[in-house]
Amino acid sequence: MEKENKIELKVYGKYALFTDPITRAGGEKFTYQVPTYQALKGILESVYWKPTFTWVIDECRVMNPIQTKTQGIRPLVYSGGNTLAYYTYLRDVEYQVKAHFEWNENRPELSNDRNENKHFFIAKRMLERGGRRDIFLGTRECQAYVEPCKFGEGIGAYDEIEELAFGVMVHGITYPDEAKLEEEKGRLTARFWNPVMKKGVIKFIRPEECTIKRKMGTGVIKKFHEKNFSGLKEFEEEGEV
């Protein structure tokens with residue numbers, strides 16, 4: 001079902017690195033072939049975000065052929081010395097993304113800020129301006145750009161490919177303040193899934209629908225209130241004019 005507050009955007013860049021965590025053990029980094037849910041969610045949060053709501057990624061369309069490039073990198077070693085690692089990036093990437101936002105029910109103290117029209121139109125304006133913060137494709141060195149688009153327009157490199165599976169991939173991380181399921185509340189949970197691209201489009205399952213999970217630790221939700229957040233009233237009224 002289409003959401004009233006859906007956002008459609010194009011994100012593109014010269015390089016992308018959606019790191020497969022399995023490859024990090026030896027200091028090397030190797031990218032997934034397609035973006036993760038968490039990476040796309042981070043892009044939407046860079047366009048516009050407040051703790052009042054959470055972004056939900058619905059679909060991603062892969063526009064350019066999947067190509068990689070391996071490059072020698074000298075990462076910073078805090079203990080001193082010198083080292084060399086090889087990072088494998090995606091190159092010349094472009095995606096169309098469809099997403100919508102939902103209220104964060106774990107933030108009842110911000111219920112007065114739940115104005116759908118306000119946040120929707122701010123998000124649209126920020127998208128037209130290229131986002132509130134810098135946009136990255138997976139990692140800091142992969143600068144990217146966003147702009148509005150109509151999802152499905154144009155010719156994609158995989159429009160004629162019936163189905164392409166990518167195996168088990170990271171879906172994202174559920175933080176305590178975004179958890180919907182009781183067993184995930186108060187915990188940091190890593191999620192995994194098996195994405196399948198059909199005619200160039202990946203339809204993401206919701207975070208709470210992931211069945212492959214790993215608990216990584218515990219955490220608490222820090223509430224916004226007058227004692228620790230003096231700008232609460234201004235925060236709620238931001239963008240109403």
Side-chain angles (χ1 to χ4, degrees), residues 1-9 11 35-60 96-133 135 146 148-149 151 170-191 193 202-211 213 215-241:
M1 184 176 65
E2 294 288 350
K3 299 291 185 180
E4 292 289 338
N5 56 22
K6 71 172 181 172
I7 293 290
E8 297 179 344
L9 66 147
V11 54
T36 63
Y37 180 100
Q38 194 72 25
L40 296 176
K41 182 170 176 280
I43 290 172
L44 266 296
E45 290 176 347
S46 292
V47 172
Y48 174 65
W49 175 79
K50 289 174 76 174
T52 310
F53 62 85
T54 58
W55 284 107
V56 177
I57 309 301
D58 299 312
E59 300 179 53
C60 174
Q96 292 180 356
V97 182
K98 184 189 294 185
H100 69 278
F101 64 81
E102 298 178 356
W103 303 131
N104 187 347
E105 299 295 340
N106 293 319
R107 293 286 182 192
E109 71 274 22
L110 300 179
S111 58
N112 291 337
D113 190 42
R114 293 176 185 172
N115 184 323
E116 185 172 342
N117 283 338
K118 179 183 79 171
H119 293 300
F120 176 65
F121 286 110
I122 293 176
K124 288 186 67 175
R125 289 199 303 271
M126 293 304 104
L127 178 58
E128 291 167 356
R129 297 175 186 178
R132 272 191 168 180
R133 299 186 303 226
I135 308 297
V146 294
C149 78
F151 192 90
V170 169
H171 185 275
I173 297 175
T174 300
Y175 295 92
D177 66 331
E178 294 183 349
K180 290 181 177 291
L181 303 178
E182 284 300 322
E183 63 267 24
E184 294 180 353
K185 293 186 177 181
R187 295 181 178 275
L188 189 66
T189 307
R191 310 183 308 269
W193 74 312
I202 299 172
K203 293 187 177 182
F204 287 96
I205 60 176
R206 295 176 59 89
E208 59 269 25
E209 294 175 343
C210 292
T211 57
K213 302 176 185 178
K215 295 171 183 173
M216 301 169 59
T218 59
V220 296
I221 302 175
K222 185 175 181 179
K223 300 291 184 182
F224 290 98
H225 52 75
E226 293 294 346
K227 290 184 179 180
N228 68 7
F229 187 44
S230 60
L232 185 60
K233 180 174 173 51
E234 291 79 6
F235 181 87
E236 293 172 346
E237 295 174 351
E238 178 189 355
E240 289 185 355
V241 179

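Note that the numbering runs from 1 along the sequence shown for the chain.
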Item checked: Evaluation steps, ring pair (Phe, Tyr, Trp, His ring centres under 6.0 Å), between Phe53 and Phe120 -> CA-CA 11 Å; Phe53 62 85; Phe120 176 65; over 10 Å; no
Looking at [X] and [Y], does any basic side-chain N land under 4.0 Å from a carboxylate oxygen?
| X | Y | value |
| --- | --- | --- |
| Glu128 | Lys124 | no |
| Glu102 | Arg206 | yes |
| Glu105 | Arg114 | yes |
| Asp113 | Lys50 | yes |

Margin query: With side-chain contact (heavy atoms from CB on, under 4.5 Å) as the criterion, how do Glu208 and Glu184 come out once you've worked through the C-alpha distance, each side chain's angles and the decisive distance to 0.1 Å?
Written below: CA-CA 9 Å; Glu208 59 269 25; Glu184 294 180 353; 5.6 Å; no
Notebook entry, point to check: From Glu59 CD over to Lys98 NZ, what is the distance, rounded to the nearest 0.5 angstrom?
Noted result: 4.5 Å
Note to self: I need the Thr189 OG1 to Glu178 CD distance, nearest 0.5 Å.
What the structure shows: 11.5 Å
Give the minimum heavy-atom separation between [X] and [Y], together with the two atoms involved.
| X | Y | value |
| --- | --- | --- |
| Tyr175 | Gln38 | CE1-NE2, 4.0 Å |
| Met216 | Ala190 | SD-CB, 3.4 Å |
| Thr36 | Ala39 | OG1-N, 3.1 Å |
| Tyr37 | Trp55 | OH-O, 3.7 Å |
| Pro176 | Asn106 | O-ND2, 3.9 Å |
| Trp193 | Ile202 | CH2-CG2, 3.8 Å |

Item checked: Short side-chain donor-acceptor distance under 3.5 Å, His100 and Asp58 -> yes
Next item on the list: For the pair Lys180 and Thr54, evaluate side-chain contact (heavy atoms from CB on, under 4.5 Å) and give the outcome as yes or no after the intermediate values.
Entry: CA-CA 11 Å; Lys180 290 181 177 291; Thr54 58; 5.5 Å; no
Side chains of [X] and [Y] in contact at under 4.5 Å (non-hydrogen atoms):
| X | Y | answer |
| --- | --- | --- |
| Val11 | Val97 | yes |
| Asp177 | Arg107 | yes |
| Cys210 | Ile205 | yes |
| Thr174 | Arg187 | no |
| His119 | Tyr48 | yes |
| Leu9 | Leu44 | yes |
| Arg133 | Glu45 | yes |
| Ile7 | Met126 | no |

Item checked: side-chain contact (heavy atoms from CB on, under 4.5 Å) between Ile135 and Val47, intermediate numbers included -> CA-CA 8 Å; Ile135 308 297; Val47 172; 4.2 Å; yes
Margin query: Could you go through Arg132 and Trp49, starting from their C-alpha distance and side-chain angles, then the distance that decides it, and tell me whether this counts as side-chain contact (heavy atoms from CB on, under 4.5 Å)?
Written below: CA-CA 9 Å; Arg132 272 191 168 180; Trp49 175 79; over 6 Å; no
